[in-house]
Novice: 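First, the structure itself, so that you have it in front of you.
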Amino acid sequence: MGSEGPSVVTVHVTGFKKFHGVAENPTEKIVTNLNSFLEKRGLPKNLVLGSCTVLETAGQGALPTLYKVLESAIADRGTGSSAQGQVIWIHFGVNSGATRFALENQAVNEATFRCPDELGWKPQRVPIVPSDGSISRTRETTLPVNELTKSLRKIGYDVVPSDDAGRFVCNYVYYHSLRFAEQHGIKSLFVHVPLFLTIDEEVQMHFAASLLEVLASSSN
């Protein structure tokens with residue numbers, strides 16, 4: 001390590017508001033409360049929580065906000081103390097049928113919404129980014145999902161790697177984020193969480209904090 005110490009990891013997180021069929025989105029609460037939760041718990045020295053944003057549960061309609069928050073991380077990197085370190089995006093989304101946490105390996109260039117998003121859009125078999133080609137095109141995270149999963153399982157969380165983030169808003173946001181990450185030399189990860197009825201809020205808050213800590217330690 002020498003006198004420099006571990007390199008700084010700046011993590012930005014997003015969650016989603018409620019949507020059709022999910023009256024209370026756990027990710028809205030996780031993201032809203034994460035900063036104060038981490039302050040109480042104490043952060044690793046090399047970890048900075050850059051921003052916490054709750055997105056509209058929408059595809060096209062949420063893009064201006066999504067790109068604003070993605071670009072703000074790049075702007076910060078140019079001026080702030082995290083200039084020498086790594087920038088990681090973590091997007092939390094709910095899978096109401098899930099019983100465990102899932103770290104998503106990839107996103108697919110396909111929007112096929114099972115119901116309209118919160119702004120009324122219901123695409124079917126539409127490419128998310130037409131210039132990327134067909135709807136079968138995938139983009140993968142550069143983060144080591146299997147290693148992260150193992151580390152989190154060791155701590156005691158029920159978590160699995162996943163290759164299918166669905167075709168709804170979660171996958172839509174992840175695809176855009178992975179594309180942006182590739183263009184700007186940063187990293188992106190999508191995490192699906194269950195409802196609080198399945199895994200309670202306190203456990204989910206601890207999981208989110210542990211994920212950030214594991215990312216901070218594995219980035220050095």
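Predicted, not measured: the structure shown is a model, and the values here were computed from it.
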Novice: Taking the inter-plane angle between the rings of Phe101 and Phe207 on a 0 to 90° scale, is it parallel (under 30°), tilted (30 to 60°) or perpendicular (over 60°)?
Specialist: parallel

Novice: With sequence neighbours left out, which residue pairs that include part of residues 143-158 fulfil the salt bridge (charged side-chain N to carboxylate O under 4.0 Å, His left out) condition?
Specialist: Arg100-Asp158

Novice: Does any non-hydrogen side-chain atom of Val193 lie less than 4.5 Å from one of Ile199?
Specialist: no

Novice: Suppose the criterion is salt bridge (charged side-chain N to carboxylate O under 4.0 Å, His left out): which pairs have a residue in residues 172-182, not counting sequence neighbours?
Specialist: Asp132-Arg179, Arg139-Glu182

Novice: Would a 4.5 Å heavy-atom cut-off, applied to side chains only, mark Leu34 and Leu212 as touching?
Specialist: yes

Novice: Apply the side-chain contact (heavy atoms from CB on, under 4.5 Å) test between Phe16 and each candidate in Val31, Val173, Val94; give the one that qualifies.
Specialist: Val173

Novice: May I ask you to decide whether Glu56 forms a salt bridge with Lys17, counting only side-chain N to carboxylate O separations under 4.0 Å?
Specialist: yes

Novice: Measure the shortest side-chain to side-chain distance between His184 and Leu70 over non-hydrogen atoms and say whether it is less than 4.5 angstrom.
Specialist: no

Novice: Taking side chain as C-beta onward, heavy atoms only, is Val191 less than 4.5 Å from Leu103?
Specialist: yes

Novice: In terms of the angle between their ring planes, are Phe190 and His91 parallel, tilted or perpendicular, with boundaries placed at 30° and 60°?
Specialist: parallel

Novice: Only one of Val145, Thr142, Leu178 forms a side-chain contact (heavy atoms from CB on, under 4.5 Å) with Leu189, so which one is it?
Specialist: Val145

Novice: Check for a donor-acceptor pair, side chain of Asn109 on one end and backbone N or O of Val129 on the other, with a separation under 3.5 Å.
Specialist: yes

Novice: What class does the angle between the rings of His176 and Tyr172 fall in, given that below 30° is parallel, 30 to 60° is tilted and above 60° is perpendicular?
Specialist: tilted

Novice: Hey, are the side chains of Trp89 and Val13 touching, using non-hydrogen atoms and a 4.5 Å cut-off?
Specialist: no

